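These notes are about the structure you will find just below.
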Amino acid sequence: MSEQQIHKLRNIGIVAHIDAGKTTTTERILFFSGVTRKLGEVHDGQAVMDFMKQEQERGITISSAAITTNWKNHQINIIDTPGHIDFTLEVERSLRVLDGIVMVFCAVGGVEPQSETVWHQADRYKVPRIAFINKMDRNGADLKQTVEMMNSMLGANAVMFQIPMGEEIDFYGIIDIVKMKAITYNGLEIQEGDIPPQYMAQAKELREQLVEKLADFDDELMEKFLAEEEIMSDDIKRATRSATLNLLVTPVFCGSSFKNKGVQLLLDAVIDYLPSPLDRGIVLGTDPDNSETTISRKPSEKRPFSALAFKIINDNFVGQQTFIRVYSGELNSGSYVYNITKQKKERVGRILRVSAKERQELPILKAGDIGALIGMKYTTTGNTLCDEDHPIILENIHYPETVLDMKIEPTSIKERDRLGIALNKMALEDPSFKVRYDDETSETVISGMGELHLEVIVDRLKSEHKVDVVVGEPAVAFRETITREVRHDYKFKKQTGGHGQYAHIVFRIEPNPAGGLEFVDLVKGGNIPREYIPAVQKGFMETMNKGLLAGYPMLDIKFVLIDGSFHPVDSSEMAFRSCTEAALREVVKKASPQLLEPVMKIEINTPDEYMGDIMGDANRRRGRIDNMRRFRKGSQKLSGIVPLMEMFGYASVLRTLSSGRANYSMEFLRYDPLPKTIEEKVVEEAREKSRKQAK
C-alpha cells in the first residue's frame with residue numbers, strides 16, 4: 001500500500017451508549033456506500049453487523065464486528081462496537097487499533113453513562129473523534145442541549161457544523177454551515193439548495209462562531225478572519241482537520257439514521273476530518289531485551305513488519321480467525337511471522353477481509369490495514385506480531401476486572417470434556433471472561449463483567465457449542481489482599497522412598513501500592529540455583545490465584561525472595577513450588593488478610609419527584625450519591641458509588657420506585673475492603689462449604 005493509498009485509508013469505530021443508534025448508523029453507511037442492497041434493521045434482527053444469534057434476539061451489539069467499505073475513492077474499515085457496559089472490553093480493544101471514531105449520541109438522551117465511559121476510553125488512546133447526534137426526529141430531540149452536555153460533561157470542545165431544519169417529528173433536512181447549503185431529502189436521494197430565509201441569520205451566526213473557534217488553532221484562518229477576508233469552505237475544512245487530529249475540537253453533525261437523513265454527510269466528514277494511518281504517525285513500542293528502550297515504526301510497507309492481534313473469533317467454517325492491525329511492513333499469505341509476546345513462530349495460512357459474516361481472501365495485508373489471519377496456533381489478544389530480525393513489543397490492551405462469578409457444570413460426565421474445550425475457546429476470544437477450576441470443591445467457576453455478560457456466555461455454550469450445562473446463581477467476585485508486611489523463613493522437607501524433597505526460602509510479602517501481583521528476586525551467591533527461581537514464582541502466582549482467606553484470588557501483593565538453600569540431590573522445581581505454596585499458606589495469616597468487594601460507579605436518571613426515594617434506597621444499599629446535576633427539564637442525573645453485592649435485582653426495584661420512569665447504568669470502579677461483619681460472614685460461609693466438601 002503506497003503512501004497515497006494509506007492517505008485514503010480510514011480505520012474508524014462507531015461507538016456510543018447502548019441504544020443511541022450505532023448499529024443502525026453503520027447499516028446506513030453500508031447501504032449508502034454500496035456494500036448492502038437493502039436496509040437491515042436492528043429491531044427485526046436483520047442488521048448485517050449484528051450477526052450473532054444472541055445479538056439478533058436481544059437487539060443489541062455484543063461483539064465488535066469489522067467491515068470494509070468505500071466512499072469517494074477512500075477505503076473505510078469500520079468496527080461497530082457494543083454499547084452495554086458488560087462488553088466494554090470490545091470497545092477497549094477496538095479503540096486500541098483504530099485511528100478515529102464516530103461518537104454517536106441520542107438527541108433525546110444526550111450524554112449518557114456509557115457515552116462518558118467510551119469517551120474516556122478514547123482519551124486513553126488519544127483517538128481523534130467526530131460526533132453524530134442521532135434521532136433528531138424523536139420527541140424531545142435537542143441538538144443544542146446535547147452539545148452543551150458534551151462540553152460540560154466531557155470537555156469535548158464540541159462545535160456544531162450543521163443545523164437541523166424542522167423539529168422532532170417535523171425534522172426534514174440539514175443546513176451545512178461550512179458550505180452554507182441546505183440539504184433536504186426526496187426518499188433516499190439528497191437535494192442540495194439554498195438556505196431557507198428563516199434559517200439564514202442562525203446559519204450566518206453559527207458559521208462566524210465556527211470560524212472564530214477554529215481561528216484559535218490556525219494562523220492562516222486567523223489572518224483571514226481578522227482581515228475580514230472571505231473564508232472559503234476549504235479553509236474551514238483544513239483548519240478543522242488539523243484541530244480534530246490534535247484533539248482540540250469535536251466537530252458535531254446531526255441526523256436520523258433510521259430515517260436515512262445525515263448519513264452521507266457523516267461519511268463525507270469521516271473522509272474530511274478523521275485521520276489516516278499516516279496522520280496518526282509513527283507507532284511506539286519497546287525493545288524486547290530492554291523495556292526502557294523505545295522503538296518506533298512508521299506506517300510504511302517498506303519498514304519491518306509489526307502488527308497487534310486485537311480480537312479472536314472461532315468460526316465454524318474457517319476455524320480460528322485472529323484479527324490484526326498492521327502498523328508497518330506487509331504480510332503475505334502463506335508466510336511466517338514471529339509472535340514476540342509468546343516467542344513463537346507462526347505460519348499465516350490465509351488472510352481474510354471480513355465483512356461481518358462475509359469473507360474475502362487477500363494475498364497480502366499492508367501497513368495501516370486491518371484483516372483476519374487463519375492458522376494462528378499461539379497468538380492471543382494483545383500479542384505483538386513482528387519481523388523476527390526486527391523485534392518490537394507494541395502497547396498491550398487494558399483489560400477490565402471481572403466482578404461476577406457463576407458456578408457451572410455439565411449435565412453429564414461425557415459433556416465435561418466438551419465443556420472444558422468450549423470454555424477455553426470462549427476465554428481465548430474474550431479476555432474479560434475467565435474460567436477457573438476449584439480443586440477443593442471440584443467446581444468450575446466462570447467470571448464476567450456482569451449478569452448480561454454471563455447470560456450470553458451460557459447461551460452461546462448451549463447454542464453454538466451444543467453443551468448442556470447447569471448454572472448457579474451469579475455471585476459477587478470478591479478478592480483478597482494483605483495489609484501489612486511480613487518476613488518469613490520456611491523449610492520444606494519430605495522423605496519418601498528414594499529421593500526426598502527439600503526446599504528452603506526466606507522471603508517477605510507486602511502490600512503492593514503499584515497494584516497487581518509482583519515477584520522480586522534478590523537471591524545472591526547461588527544460594528538458590530537459578531533454575532529453581534521460576535518454580536518459586538509459579539508457586540506464588542498459583543497460590544495467589546487460589547486465595548488463602550476464603551478462596552478468592554488475591555490482589556496487590558509483592559513477593560520478595562531474599563535467600564534460601566537447596567539440597568544437591570533432594571531439591572527440585574516441584575519441591576520449591578510446593579515449599580512456596582506451603583509457606584504462603586502459613587504466613588498470610590500473619591499479614592492481616594482482608595476481603596475486598598467490587599464497588600461500582602452508578603448513574604441514575606430520574607424525574608425530580610422520585611429523587612428522594614431513590615437516594616434513600618441507595619443509602620440503604622451502602623451506596624453514596626456524590627453528585628446531582630440537571631439532566632433535562634424535570635429530570636436529574638445522580639452519580640455515585642455502590643457495592644455490587646447490594647445491587648442484585650435493582651432494576652425491578654428502581655422500576656417500582658419510579659413508576660418505570662428512571663433508568664440506571666453502572667460499571668466497575670475499584671475494589672474496597674469489605675465491612676468486618678460482612679467479611680466474617682463470607683469467610684465463615686466459605687469455610688463451611690470447604691468442610692462439607694471435605695466430608
Side-chain angles (χ1 to χ4, degrees), residues 342-343 416-417 420 424 435-445 479-512 516-593 683 686-695:
K342 298 282 179 65
Q343 299 189 339
R416 184 171 294 158
D417 289 342
N424 287 333
V435 183
R436 73 176 190 273
Y437 184 75
D438 191 324
D439 291 316
E440 289 185 10
T441 62
S442 300
E443 292 174 338
T444 299
V445 180
R479 292 293 183 265
E480 302 176 12
T481 193
I482 59 173
T483 56
R484 59 188 289 261
E485 179 183 316
V486 179
R487 182 182 168 114
H488 200 54
D489 186 321
Y490 190 84
K491 281 185 182 175
F492 178 78
K493 292 181 183 178
K494 199 170 184 181
Q495 195 62 46
T496 56
H499 290 310
Q501 292 188 57
Y502 176 88
H504 172 215
I505 58 173
V506 180
F507 66 97
R508 73 172 184 267
I509 56 172
E510 59 191 65
N512 186 10
L517 300 175
E518 185 180 351
F519 179 85
V520 180
D521 171 24
L522 297 181
V523 176
K524 291 188 171 60
N527 289 348
I528 300 177
R530 304 313 305 164
E531 63 264 29
Y532 296 148
I533 302 296
V536 178
Q537 182 174 6
K538 191 168 185 181
F540 165 62
M541 291 297 182
E542 287 182 350
T543 307
M544 293 299 98
N545 286 330
K546 292 175 186 173
L548 295 168
L549 182 61
Y552 295 101
M554 304 195 79
L555 292 178
D556 305 338
I557 297 174
K558 182 188 285 189
F559 181 103
V560 182
L561 184 60
I562 301 167
D563 201 357
S565 63
F566 73 104
H567 189 280
V569 176
D570 291 347
S571 287
S572 64
E573 288 186 16
M574 178 60 74
F576 272 94
R577 195 161 128 199
S578 299
C579 174
T580 306
E581 291 178 0
L584 283 167
R585 278 196 295 272
E586 188 175 283
V587 75
V588 160
K589 298 170 188 173
K590 303 174 185 175
S592 301
V683 171
R687 287 174 182 163
E688 182 63 30
K689 180 179 168 185
S690 186
R691 284 193 290 268
K692 285 182 180 177
Q693 200 67 33
K695 292 178 184 177

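Please read all numbers here as calculations on a predicted model, not as lab measurements.
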query: Taking the side chain as C-beta and beyond, is there a heavy-atom pair between Leu522 and Val560 under 4.5 Å?
result: yes
field: Side chains of Leu561 and Ile533 in contact at under 4.5 Å (non-hydrogen atoms)
entry: yes
- request: Answer whether the closest heavy-atom distance between the side chains of Arg687 and Val683 falls below 4.5 Å.
  value: yes
query: If every non-hydrogen atom of Ala535 is compared with every non-hydrogen atom of Glu573, which pair is closest and at what distance?
result: CB-O, 3.3 Å
field: Rounded distance (nearest 0.5 Å) linking atom CG of Leu555 with atom OG1 of Thr481
entry: 6.5 Å
Gap between atom OG1 of Thr543 and atom CG of Leu517 - 0.5 Å precision: 10.5 Å
message: Does any part of the side chain of Arg487, heavy atoms only, come nearer than 4.5 Å to the side chain of Phe507, both counted from C-beta?
response: no
- request: Answer yes or no: is there an ion pair linking Arg530 with Asp521, defined by an N-O contact shorter than 4.0 Å?
  value: yes
query: Quick one: does Glu542's side chain get under 4.5 Å of Glu581's, heavy atoms only?
result: yes
- prompt: Are any side-chain N or O atoms of Glu480 and backbone N or O atoms of Tyr552, one a donor and one an acceptor, separated by less than 3.5 Å?
  reply: yes
query: How long is the span from the CG atom in Leu584 to the NZ atom in Lys546, to the nearest 0.5 Å?
result: 11.0 Å
task: Show your working on side-chain contact (heavy atoms from CB on, under 4.5 Å) between Ile562 and Val523 and close with a plain yes or no.
output: CA-CA 5 Å; Ile562 301 167; Val523 176; over 6 Å; no
- prompt: Excluding sequence neighbours, so at least two apart, what forms side chain to side chain contact (heavy atoms under 4.5 Å, CB included) with Glu531?
  reply: Pro529
query: Hey, mind stepping through Lys558 and Glu485 against side-chain contact (heavy atoms from CB on, under 4.5 Å) and telling me if it holds?
result: CA-CA 9 Å; Lys558 182 188 285 189; Glu485 179 183 316; over 6 Å; no
- prompt: To the nearest 0.5 Å, how far apart are CZ in Arg416 and OG1 in Thr444?
  reply: 8.0 Å
Gap separating the CD1 atom of Ile505 from the NZ atom of Lys491, nearest 0.5 angstrom: 12.5 Å
message: According to side chain to side chain contact (heavy atoms under 4.5 Å, CB included), who are the partners of Lys342, at least two apart in sequence or on a separate chain?
response: Asn339, Lys344, Thr380, Asn383
- prompt: Do the side chains of Phe540 and Ile557 get nearer than 4.5 Å, heavy atoms only?
  reply: yes
Side-chain donor or acceptor of Glu510 paired with backbone N/O of Arg484 under 3.5 Å: no
- prompt: Between Ser571 and Ala503, is there a donor-acceptor pair closer than 3.5 Å when you use the side chain of the first and the backbone of the second?
  reply: no
field: Verdict with reasoning, Val435 to Val445, per side-chain contact (heavy atoms from CB on, under 4.5 Å)
entry: CA-CA 6 Å; Val435 183; Val445 180; over 6 Å; no
query: Taking the inter-plane angle between the rings of Phe519 and Phe559 on a 0 to 90° scale, is it parallel (under 30°), tilted (30 to 60°) or perpendicular (over 60°)?
result: parallel
statement: The reported gap from CZ in Phe492 to OG in Ser578 (rounded to nearest 0.5 angstrom) is 4.5 Å
message: Test of understanding: with salt bridge (Lys or Arg N to Asp or Glu O under 4.0 Å), list the residues that count as partners of Glu518, not counting sequence neighbours.
response: none
message: Quick check: do Gln501 and Asp570 have side-chain heavy atoms less than 4.5 Å from each other?
response: no
Met554 side chain reached by Ile482 side chain, heavy atoms, under 4.5 Å: yes
- prompt: Could you walk me through whether Tyr502 and Phe566 pass the ring pair (Phe, Tyr, Trp, His ring centres under 6.0 Å) check?
  reply: CA-CA 7 Å; Tyr502 176 88; Phe566 73 104; 8.5 Å; no
message: Strictly distance-based, threshold 3.5 Å: is any side-chain N or O of Ser565 a donor or acceptor partner for the main-chain N or O of His504?
response: no
- request: Assess whether atom CE of Met574 is packed by more than 12 heavy atoms of other residues, nucleotides or ligands within 6.0 Å.
  value: no
- request: Indicate yes or no for a side-chain donor-acceptor contact from Asp556 to the backbone of Asn512 under 3.5 Å, with no hydrogens or angles considered.
  value: no
